[in-house]
Each structure stands twice: as structure tokens, then as C-alpha cells.
Amino acid sequence: MAHVIVGGGLAGASAVEELREQGYDGDVVVLGAESYLPYHRPPLSKEVLLGKEEADGTDVHDAQWYADQGVDMRTGSAARRIDRLRQVVETDAGDVAYERLLLATGSEPRRLPVEGAVYLRTRDDSRALRAALLQQPRVLVVGGGWIGLEVTAAARAAGCEVTVVEPQAQPLLGVVGERVGSMFADLHREHGVDLRLGTSFDGTPPVPADLVLVAVGAVPRVDLARDAGLDVDNGVLVDATLRTSDPLVLAAGDIAAHDHPVFGRLRVEHWDNAIEQGKAAARVMLGGTEAYERSPYFFTDQYDLGMEYVGHVPREHLGSVVVRGDLAARQAVVFWHDAGRVLGAMHVNEWDAIDEMRELVGQTVDPDQLSRRTT
Ligand SMILES: Cc1cc2nc3c(=O)[nH]c(=O)nc-3n(C[C@H](O)[C@H](O)[C@H](O)COP(=O)(O)OP(=O)(O)OC[C@H]3O[C@@H](n4cnc5c(N)ncnc54)[C@H](O)[C@@H]3O)c2cc1C
């Protein structure tokens, strides 16, 4: 029987890599619903939209790599149902029996009932959006989150007029808080964006728009898991080692609501998490018992701002923030803490700070020292 991975995305590809890296030479089957090999999504809202990279240039590995690894990579092959009693995954082309099963079905954009709205998740979405931006439409972006803001930056670079509507008082308020959120607001306003904060979108564009991009978050694709009777609650519930309520079935990446040993129940929709959880799940498929303990990590690029973020800061601690450097000049390292215990850290254009940030997350440090320490 094979090790089977459902979901041909980044978490799935990373799991395959690790299975072989660990010396497993048995059968590996990957079922991917998309017609493409697994690819990286971060460039889809950045380099691809800016015309710096081709949409089909972001493959994790090429077809030859999967062939060389002896992996049965089935693109355009969705899993329809999981029968845990028989230990098979049902597809249109027949059943695939599994010894261990990894679910890595990712997430999809939350939709709003807006006729003609566009969304950004896939390679095809990105390609179509790039072509549309080149026509310089008047763009309305619904949602001032990461993807909304990255598309905004790309649309401005393409010469489009852009309006962003965001119901909260600052963009990214729930992730970075008031102070850092206002830095992102300033960044976009300085680049000529009509940023309308505290504005809920009721379906009627507040300004004339030729293109409406809805970017109001993502929802995990949990139907397969739920239908198979696995425990699901805002993601597929997994223990510290990424096992679902059925120990033969694991979950990784965007769909996994993980019992993190440090941060508690956490579902992380980030690139690094898909890579590292995919690998960690593969080790557990091979009999490993290690808990997944890595701190969430995220990055973004908007205009000339590059940032990296490590950790997890619950909303109630977003106000406990220490800034080292000059946030207004967009050259700074930011720490969030709970009575000195560092919960999260982020740098803005301070690329040398990342190692120190990783080191400090979880440690207790005098906040005064945090603001002074030099990297
Ligand atoms: C436009 C964009 C920009 C991003 N930028 C950043 C960034 O800058 N930094 C960052 O950290 N993260 C970023 N992310 C998030 C990051 O890309 C995701 O966290 C990551 O792709 C998650 O990987 P995954 O493998 O869990 O899921 P996915 O990449 O969604 O892959 C899951 C795959 O499973 C397939 N699938 C679903 N159901 C089935 C089924 N029944 N059978 C078979 N296959 C199925 C899907 O079609 C999909 O191909 C971005 C995401 C997007 C969309």
C-alpha cells in the first residue's frame, strides 16, 4: 500500500520531498485537483502581477523531478471521498489504497455575492489578473489584508487608479495592530491609493470601478475530512504531531488546525508553514512522533517595503508593541510582547534582523532593552 497525499499544493510537494529525503522508497501517490504540478503562490500577487515572473514559472519541482523520485503524481485528479474503513481514497479513475494518508487540500478565497468580482488563488487567476491590469482598469479592492494590499501595489505599478475598502480602522489591524497598521495605510496613501478605512462593502462599489477584486480572507477546504467523519472546526483538527482524529490520517498546510505546543490551537495560512508542516507530517507518516513546534513565519513585499514576521500575537496583545528604528521611514524592527515575553516580531526593510527575531520569540526580555538592542 502507498503513502497517499491529497492536495497537489506546496504542503503536498514538501511532504513528498521529505518522504524520499528520509529514505522511504515505497509507493507515493499524489492526487492534485489542479491541472498543474504543485507551485508556489506568493509570486502570484507580487512578481507575476508586476510582470517580473511568468505565472507558470513558480513550480516547486518540474515533472522530471517527480519522475526521478518515482512519485505517482496525478494532476487533474481530485479526491472525491475518503473511505476510512477500507483505507481508500475514491477518485473518478478508481480507488487508491493508503497505508497513511496526508490531507493537504489548502484553502480558497472567501466569496462575496458580487457579480463579476475577481479572486486570486490560482495560477490562472493571477495570469488573468495581470492581463486585466495591463488595460489600466479603475480597480476596487475589497479587503485591506495581505493579498488585497499586494494586489493594490501591483495595480498602482501598472498605472491603475485603485480604491481599497476596509471595514476596520487600519489595514491588517487584527494581525499587526493600530501602530503598524497605520504604517501600511501611510505606505499606500503615499503611493496614491484611495484607502477608505472603516468602510464596509455592501455590494455597491463606492466609486466607479472596472474591476472589483475581493480579498476578504480564505476558508480551509475541509469537506473531504468532514465527510469522512474526521474532527473539523475551522480547519481539520490535528494534534501536536499533525495527526487527525484518525491516527492513519494527517493534515498539513492551510487546512490544519494544529494544536501548537507553544501557541495553542492555530491554523496558519502561510507559505513557510505549508513547507515545514508538509515535511513534519511526512516524518510522522514514517513513524516519527515529534511535535511540530515551529513559530509561524510570513513575508510580504509591497512597493519598496519588504517585511518578515515571526510568531503569533493574539489580538489582546497587539497594543504591547516596542519599535526599534523608524517606522515612519519604514526601517524598523517591531516586537509584540506580553509582560516582556516576546510573542511576535517583524522587521521592515531590516533583513539582517530575522535571526535575532526568531531567537527572541518565546523569550522574556526587558522591553526597554528590546528597543535599544542592536542587531
Ligand atoms: C496570491 C497568494 C499570495 C500569497 N502570498 C504569500 C506570502 O507572501 N507569504 C506567505 O507566507 N504566504 C503567502 N500565501 C499563502 C501560501 O501560498 C499558502 O499558505 C500555501 O499555498 C498553502 O499551501 P497548501 O499546500 O496548504 O495549500 P494550497 O497551496 O492551496 O494547495 C492545495 C491544493 O490542493 C488541491 N485540492 C483541493 N481539494 C482537493 C481534492 N479533493 N483532491 C485533490 N486536490 C485537492 C487544490 O486544488 C490545491 O492545488 C499566498 C497565497 C496566495 C493565494
Side-chain angles (χ1 to χ4, degrees), residues 4-17 29-49 55 58-60 73-82 89-93 96 101-110 118-127 129-130 145-151 153-154 175 213 215 217-228 235-236 242 250-258 267-279 281 296-302 305-310:
V4 177
I5 296 165
V6 173
L10 182 56
S14 304
V16 167
E17 216 174 298
V29 182
V30 182
L31 301 171
E34 290 187 66
S35 57
Y36 301 112
L37 293 170
Y39 57 88
H40 294 284
R41 294 181 201 272
L44 302 184
S45 51
K46 308 176 187 65
E47 291 85 351
V48 173
L49 290 188
T58 73
D59 282 350
V60 180
M73 168 61 73
R74 304 187 193 174
T75 51
S77 176
R80 300 291 178 208
R81 200 175 152 268
I82 298 162
V89 179
E90 298 173 6
T91 75
D92 292 346
V96 183
L101 174 64
L102 174 62
L103 298 178
T105 47
S107 50
E108 58 193 78
R110 179 169 288 121
V118 298
Y119 296 85
L120 179 54
R121 181 75 201 174
T122 66
R123 181 174 271 182
D124 292 340
D125 295 341
S126 179
R127 198 182 277 123
L129 185 55
R130 166 75 183 154
W146 298 116
I147 290 182
L149 295 182
E150 289 174 0
V151 172
V175 197
L213 175 97
V219 282
R221 292 193 192 91
V222 295
D223 291 358
L224 270 182
R226 185 186 289 120
D227 293 349
V236 180
L242 301 169
L250 294 94
D254 280 15
I255 59 161
H258 171 231
R267 192 172 66 76
V268 178
E269 293 173 350
H270 294 160
W271 173 85
D272 175 80
N273 180 70
I275 296 175
E276 298 299 332
Q277 280 196 348
K279 291 183 179 174
Y297 162 90
F298 175 76
F299 64 92
T300 187
D301 295 309
Q302 298 170 28
L305 176 146
M307 82 83 172
E308 293 176 288
Y309 174 107
V310 188

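Whatever order the structure lists them in is the order used to number ligands and atoms, beginning at 1.
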- Would you mind checking if E150 and K46 are paired as a salt bridge, meaning a charged N to carboxylate O distance below 4.0 Å? yes
- Heavy atoms, side chains only, cut-off 4.5 Å: are D272 and F299 in contact? no
- With heavy atoms only and a cut-off of under 4.0 Å, state how I147 meets ligand 1: side chain, backbone, both or neither. side chain
- Message: Heavy atoms only, cut-off 4.0 Å: how does S107 contact ligand 1, side chain, backbone, both, or neither?
- Response: backbone
- Item | Nitrogen or oxygen of F299 less than 3.5 angstrom from that of ligand 1 | yes
- In ligand 1, which numbered atoms sit nearer than 4.0 Å to a non-hydrogen atom of H270? 11 (O), 12 (N), 19 (O)
- Please report the shortest heavy-atom distance between G106 and I255, naming the atom on each side. O-CG2, 2.9 Å
- Near L10, which atoms of ligand 1 are under 4.0 Å from a heavy atom of that residue? 25 (O)
- Note on the structure: Here the atoms of ligand 1 under 4.0 Å from any heavy atom belonging to E34 are 47 (O), 48 (C), 49 (O)
- side-chain contact (heavy atoms from CB on, under 4.5 Å) between L44 and Y39, worked out: CA-CA 10 Å; L44 302 184; Y39 57 88; 3.8 Å; yes
- G253: numbered ligand 1 atoms lying under 4.0 Å from its heavy atoms: 26 (O)
- Message: Looking at every heavy atom in both A78 and A33, which two are closest together, and how far apart are they?
- Response: CB-CB, 4.0 Å
- Charged N to carboxylate O below 4.0 Å: is that the case for R41 and D125? no
- In the protein, what heavy atom is nearest to atom 33 (C) of ligand 1, and what distance, to one decimal place, separates them? G9 N, 3.8 Å
- Message: Give me the nearest non-hydrogen protein atom to atom 29 (O) of ligand 1 as residue plus atom name, then the distance to 0.1 Å.
- Response: R41 NE, 2.7 Å
- Taking only non-hydrogen atoms of L31 and a 4.0 Å limit, the atoms of ligand 1 in range are 43 (C), 44 (N)
- Item | Rounded distance [0.5 Å steps], CD in E308 versus OG1 in T300 | 11.0 Å
- Task: Using heavy-atom distances, let me know which of L129, T300, T105 sits nearest atom 37 (C) of ligand 1.
- Result: T105
- Message: Between V29 and R74, is the side-chain contact (heavy atoms from CB on, under 4.5 Å) condition met? List the steps.
- Response: CA-CA 7 Å; V29 182; R74 304 187 193 174; 3.8 Å; yes
- To the nearest 0.5 Å, what is the distance between CZ (R121) and CD (E108)? 8.5 Å
- Residue L224 vicinity, atoms of ligand 1 by number, heavy atom under 4.0 Å: 41 (N)
- Heavy-atom nearest neighbour of atom 7 (C) of ligand 1 within options K46, E269, R123, H40: K46
- Query: With a 4.0 Å heavy-atom cut-off (strictly under), which part of V6 contacts ligand 1: side chain, backbone, both or neither?
  - Reply: side chain
- What are the atoms of ligand 1, with element, lying closer than 4.0 Å to any heavy atom of L120? 1 (C), 53 (C)
- Query: Heavy-atom distance to atom 28 (P) of ligand 1: which of R81, E308, R121, E150 wins?
  - Reply: R121
- Looking at D254 and E269, what are the two nearest heavy atoms and their distance? OD1-CA, 3.2 Å
- Message: How far is atom 19 (O) of ligand 1 from the closest protein heavy atom, and which atom is that?
- Response: D254 OD1, 2.7 Å
- Option nearest atom 27 (O) of ligand 1 (shortest heavy-atom distance, choices P42, A256, G106): G106
- Message: Below a 4.0 angstrom heavy-atom separation, can you tell me which part of A274, side chain or backbone, both or neither, approaches ligand 1?
- Response: side chain
- If you take all heavy atoms of L103 and A225, which pair is closest and at what distance? CD1-CB, 4.0 Å
- Query: In the protein, what heavy atom is nearest to atom 3 (C) of ligand 1, and what distance, to one decimal place, separates them?
  - Reply: S45 OG, 3.2 Å
